[in-house]
Number of protein chains: 2
Amino acid sequence: MQDSLIQELINRYVTISFQVHKKAESLIKEQIGNDLTNDQHYILRYIDQSESCTPTELADVFEVNKSAITAIVNRMADKGLIERTRDLNDRRVVYLTLTPEGKELYQKAQEKIHLLVESIITQFEEPEIKAFINTYEKLAKVLNNKKKEELGE
Amino acid sequence: MQDSLIQELINRYVTISFQVHKKAESLIKEQIGNDLTNDQHYILRYIDQSESCTPTELADVFEVNKSAITAIVNRMADKGLIERTRDLNDRRVVYLTLTPEGKELYQKAQEKIHLLVESIITQFEEPEIKAFINTYEKLAKVLNNKKKEELGE
DNA sequence: AAAAAATAGTTAAGTTGTTGAACTATTCAC
DNA sequence: GTGAATAGTTCAACAACTTAACTATTTTTT
């Protein structure tokens, strides 16, 4: 690839990923904003989809320190959305689960987000959106390797 | 499109956009994190690329209240990165510009981000990355229309 | 088996980014 | 010229984050 083309693509990517993220998060917030923050929703989503989820795992996935997870889990446990249980074999470990209220709130929010994303996704032709998501998933892998490289060095 | 396919695509999109955003922001932070936050870098970038930039415009682009912009601009003005000047014709209006120090800091950060994005983008074939960015840009338009619709209703 | 190192999680202080309501200052509209 | 709209700021409160110090365990080493 030509260098000038690469520079153009970089600029377009940085600009557009910023724009899309801002707009998307704002639209999600409009859907779910009264009961949950976007971050809280993502936390509930991750716990719900995970077999058994620990604060360390969340810190890893969300790319933040463990103390940030303690804080957000505290807030949601206070609201009765999340429960902590200790591992009986290794009593250092805490497992996070959704309470019934947490699950219900999550699912209601999730439905709204699905409707939102559906109304957007269906404006594209099937091959285009499939190709887009495929490349997006490749990009995630590339970023993961980048992270691993760093740790290796 | 089949409903089950749509549901699958929605799930994949929500999952992957979250993952990519977290990893990407984390990698950017590693590059520029000592002097600037990611948000502060995006603010500098926007001001630099804009002809003449006001707090209201920033609030609009960043999808936050104007008071959030006041706060972030205060912090960066205190650090000597941004300057405020009043419009002489309409004295309500404030124009934001980069100081020489702000410009220098921004450009150093921008170079690092460019190298990062370049090292990622070049792992894709040209047609794939072009198609990806094209769809991404379409997505931004769809989201903008969505926003406009809401305001219209 | 005892001491040292590693791991999981929490606490506490301080920073950044955010909202929403109340406010000042200015300009526009009739 | 008065009333409404606009641009921006201030303030209080909160969410999310970092770093460092800490507790409580488990694992490793010797």
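As a basis for the values below, the full set of heavy atoms in this structure was taken, side chains included, without hydrogen atoms, waters or symmetry mates. Remember, predicted model here, so these are calculated numbers, not experimental data. Below, chain A is the first sequence line, B the second, and so on; all start at residue 1.
Panel note: side chain B/Lys130, backbone A/Leu9; no donor-acceptor pair is recorded below 3.5 Å. At distances below 3.5 Å, not a single donor-acceptor pair connects side-chain atoms of A/Arg45 with backbone N or O atoms of A/Tyr106. Side chain of B/Thr54 to main chain of B/Val94: no donor-acceptor pair is present (N/O by atom type, distance under 3.5 Å, no hydrogens or angles). A/Arg12 places no side-chain N or O within donor-acceptor distance of the main-chain N or O of B/Ile133, the cut-off being under 3.5 Å. Remark: side-chain polar atoms of A/Thr135 are paired, donor with acceptor, to backbone N or O of A/Ala131 under 3.5 angstrom. Although no hydrogens or angles enter the test, the distance criterion places a donor-acceptor pair under 3.5 Å between the side chain of B/Thr122 and the main chain of B/Glu118. Judged by distance alone, the side chain of A/Glu63 and the main-chain N or O of A/Ala59 form no donor-acceptor pair under 3.5 Å.
Note on ring orientation: taking the six-membered ring where Trp is involved, the planes of B/Tyr136 and A/Phe132 are perpendicular (angle over 60°, cut-offs 30° and 60°).
Both A/Ala68 and A/Asp90 lie close to DNA chain D; mapped to their nearest nucleotides by heavy-atom distance, the more 5′-ward contact belongs to A/Ala68. Each of A/Val93 and A/Lys22 lies near DNA chain C, and the nucleotide nearest A/Val93 is the one positioned closer to the 5' end.
At a threshold of 4.0 angstrom between heavy atoms, the contacts of B/Asn65 include nucleobase atoms, whether or not backbone atoms are also involved.
Computed from coordinates, the B/Glu25 CD to C/dT16 C1' distance equals 14 Å when rounded to whole Å. One interatomic measurement links the two molecules: NZ of B/Lys66 to P of D/dA5, which rounds to 14 Å at whole-angstrom precision. Counting to the nearest Å, the C1' atom of C/dT27 and the CG atom of B/Asn89 are 12 Å from each other. When rounded to the nearest whole Å, the span between CZ of B/Phe62 and P of C/dT16 equals 17 Å. Whole-Å rounding puts the B/Ile69 CD1 to C/dG20 P distance at 15 Å.
Regarding contacts with the backbone of D/dG8, a side-chain N or O of B/Thr56 is found under 4.0 angstrom from either OP1 or OP2. B/Lys29 has a side-chain polar atom (N or O) that falls below the 4.0 Å cut-off from OP1 or OP2 of D/dT18.
A donor and an acceptor atom, one from each side chain of A/Lys146 and B/Ser119, are located under 3.5 Å apart.
Near-neighbour residues of DNA chain C inside residues 70-87 of chain B, defined by a heavy atom below 4.0 Å, number-ordered: B/Ala71, B/Ile72, B/Arg75. The stretch residues 33-53 of chain B has no heavy atom under 4.0 angstrom from DNA chain D at all.
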Protein and nucleotides 22-24 of chain D: nitrogen or oxygen contacts under 3.5 angstrom:
none

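With respect to B/Lys108 and B/Glu104, a salt bridge is recorded, a charged nitrogen being found less than 4.0 Å from a carboxylate O.
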Is there a ring-ring contact (aromatic ring centres under 6.0 Å, His included) between B/Tyr42 and B/Tyr46? Walk through the geometry before answering. CA-CA 6 Å; B/Tyr42 285 123; B/Tyr46 191 87; over 10 Å; no

